[in-house]
Amino acid sequence: MNEPSKIPAKFLKPYDPASTEDRIYSLWEKSGFFNPDHLPERNKQGEPFSIVLPPPNVTGTLHMGHAAMLAIEDIMIRYKRMKGYRTLWVPGTDHAAIATQSKVEKQIEKAEGKRRHDLGREELLKRVNAFAQESHDTIVNQVRKMGASIDWSREAFTLDQHRNLAVRTAFKTMYDLGLIYRGSKVVNWDPKGQTTISDDEIVYETRKAKLYTFKYSKDIPISISTTRPETKLGDAAIAVHPDGPRYQSYIGKEFDAVFAGEAIHVKVIADTAVEKEFGTGALGVTPAHSSIDWDMAQRHNLPMKQVIDEFARMTVGNEAIKGKKVTEARAAVVEWLKAEGLLEKEEDIDQNVATAERTGGIIEPLPKLQWFVGVNTPFVLAHSTIPGIASGSKTTLKEIMLQSVKSRAITIIPDRFERVYFNWIENLRDWCISRQIWYGHRIPVWYKEISNLKSEISKSGTATAGESEVYVGIEAPIGEGWSQDEDTLDTWFSSGLWTFSTLGWPRSAEASQGKPDDFSLFHPTSVLETGYDIIFFWVARMILMTGCLIGEVPFKTVYLHGLVRDGKGRKMSKSLDNIIDPLDMIAKYGADATRLSLIIGTGPGNDMKLSEDKVKGYKNFSNKIWNITRFILSAAAGERFGSTDVPAITYDPAFKAWSSVELAHIKVLNDLIAEVSKEMDEFKFYLVGEKLYHYIWHELADKILEESKSILSGDDLQARTSRIQFLLHSLNTSLRLIHPFMPYVTEEIWQEMENTHLLIVEEWPRA
RNA sequence: GCGCGAUUAGCUCAGUUGGUAGAGCAACUCUUUUACACAGAGAAGGUCGCAGGUUCAAGUCCUGCAUCGCGCACCA
């Protein structure tokens, strides 16, 4: 009884994630099994399975949402690897253009009181790059801590050299297809960030506003309503609904007035975009400061006058207005209206104010010359594997996006998001891709006499040939006098290429002819796992880009996870001070516990609530597995329970001499294997996690281990052997089943039991 | 305005094709028995948001409503 234990000493203490995890991770890394080229033969012969990591923004650190993403994707990859697939998981980070630049700009302004233009393009970029590098290192460390079995040798960055080549190639190709064009229209201008943004980067905020009803002058008989009277200095028309009886007699009439110091000329037009019931039923049309009005102006051939500049200041009006910020000008216009006796009504209403997602600036619609992707432009898709779109047929980007999902070439989990996706496509307008910021991919376009072109605001829509020479190319043009477009591309333009730019596209001549490369092996990727909040920003754009440039879908399955909220269901935020940091949880309870807490109790597409207690609970589970192992290993070693000398027993996978009790237990275990294998294939990870938890704790530990005590201390050697073989079998199987969920503790135990192989490449159990 | 989701035990959630309500956590009682007190045994806890309907049978299907949350559009 006093002889030293035959099992490793560490099992005599509780499981300690802190002294285990880093050691195990480097063991995996050294094995090379994260890389599909270094997998065992079984996997190399296997079917490819690939996931690209949604690249985290290099704006700081990872949060619980990222942790959930990493846990889910690692579960898929580990499961498939065990199933014998040739698995590839590509890591990377996203430069996140606007988000990163504005973050660094804020820091610089706070610390040094300097602005972007005080530093200049080169110096600012130096600062942003340094910040991005630091963020990157932090992020990579966090990804490792989570236990992600990701192929670091293939790490990419949306702004690195190869990705830049992909961006230039994509731009040039789409330009040649007529899908990218330069045009002047009313775009979303962010006066705070000093750049345009796309429709999707707008966040609407409900605010109280006043709706003013007034006439432009005493001589104009129609009253209009607006929340922004200051824009009315740029009005070109009064629009009424063609069916409305009220203003029929005025349609076609034209009026002149001096409005708050500015001469205006308005024509009464009929347009169905006007709602009869709103306000007075008549709408003042401001072509330069509203995209709806811009559209109307196009239809009715109205002139356009810009009255607000890039800093949201008035450029015209009387002395109380000109040069003032729009909010001050608004008050001044209202004063003027009152003084003139033109104001008829002032009402409080709720208004959705458009703000910029990243800077919070209030969007000012302004006419600008920008680059766009035409989503409704017909073009010939040379090569296509998308069902319903034949190679060489005429199609549009909208059609590609629609067809890719409608045809089931891509399935979205949960499927209700397919409707959300279709709804978005229906309302989609041309995508403004140029940004007036410095951090990002420079637009691969060069001009001669660029200064003329920049100041030009043409109504025709596209840059006119002859006024200036435009060169679009992958490389800079040869010759004198060319200057490159100052603007950069929307960050989502480069992330849209992510599923194939990370796999070597565009391929060099050698790569496309020789042996299979990453692109031919792993594209389309198998699964895209991401948050439902970026379905438009990213998922849709990837489908658009891939369909257009490659003629394929980027992935076969989209698995959407929800937001991670705090225990009370609130969004985690600094101001609420309710952020749960993944690294803290890992340090306190281990990565396995953290992972499990993010999986169990939440289905795809649903937000999840996370509390520290939940993580703690799964830490106890890690320790439970640890102690189950201790019990089984000592039993097999012949320690305790026996009054006589009993031989040590080693696991025999081919063991057949089962007692009847064991046969019943084997059936339960086999049923479990069949069940969870099916659910793994159906992406029901939350169910699998819960079932395995339940089996290991309440079946294996509470029932089987308990009843083993009498068998093990009994005299029936045959029954004892049968029981120990089953305990070893059940433990071995359980470790393999739950490994994708809890990789560290399972690998650590596996190393004690089967020190010749790594659990990471063991076979998934078969029933 | 259009659409989506949620509403089940104190809390977080399961509940697959309709067949007498489940799990985890918390709380309660007992047990420090040699795998584990980061534990075990046990008991308790729900008119499944409301109102109708279909059915032998409804948490599950249908209709309407309510509350909360979200998305899209409008927002002159």
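Below, chains carry the letters A, B, ... as their sequence lines are ordered, and counting in each starts from 1.
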Determine the interatomic distance between C1' on B:rC50 and the same-named atom on B:rC68; round to the nearest Å.
-> 15 Å
Spacing of the P atoms in B:rG5 and B:rU60 (rounded, Å) = 16 Å
Contact nearer the 5' end of RNA chain B, comparing A:W697 with A:N627 | A:N627
Using the side-chain heavy atoms of [X], tell me which of these nucleotides is nearest: [options].
X	options	answer
A:K619	B:rG40, B:rC38, B:rG5	B:rC38
A:K609	B:rC38, B:rA35, B:rC13	B:rC13
A:F536	B:rG71, B:rA73, B:rC74	B:rG71
A:R630	B:rC38, B:rC36, B:rG5	B:rC36

Checking all strands, does A:G601 fall into the base, sugar-phosphate, or nothing category for heavy-atom contacts under 4.0 angstrom?
-> sugar-phosphate
To the nearest angstrom, the CG-C1' distance between A:L705 and B:rA39 comes to 13 Å
Sort out the partner of [N] for me: Watson-Crick or G-U wobble, both distances under 3.5 Å, none otherwise.
N	result
B:rG1	B:rC72
B:rU7	B:rA66
B:rA35	none
B:rA44	none
B:rU55	none
B:rU16	none

Check whether any side-chain N or O of A:R419 sits under 4.0 Å from OP1 or OP2 of B:rC4, and answer yes or no.
-> yes
Report yes if a side-chain nitrogen or oxygen of A:N620 is closer than 4.0 Å to either non-bridging phosphate oxygen (OP1 or OP2) of B:rA39; otherwise report no.
-> yes
State whether A:K208 and A:D348 are salt-bridged, where the test is any N-O pair (Lys NZ or Arg NE/NH1/NH2 against Asp/Glu carboxylate O) under 4.0 Å.
-> no
Is the closest basic N to carboxylate O distance between A:K678 and A:E682 below 4.0 Å?
-> yes
So, A:D592 and A:S622: side-chain donor and acceptor under 3.5 Å apart, yes or no?
-> no
Under 3.5 Å, is there a donor-acceptor pair linking the side chains of A:Q351 and A:T227?
-> yes
Donor/acceptor link under 3.5 angstrom from A:E426 side chain onto base of B:rA73 = no
Got a donor-acceptor pair under 3.5 Å from the side chain of A:K624 to the base of B:rC36?
-> yes
If the plane angle is over 60° it's perpendicular, under 30° parallel, otherwise tilted; pick one for A:F214 and A:F259.
-> parallel
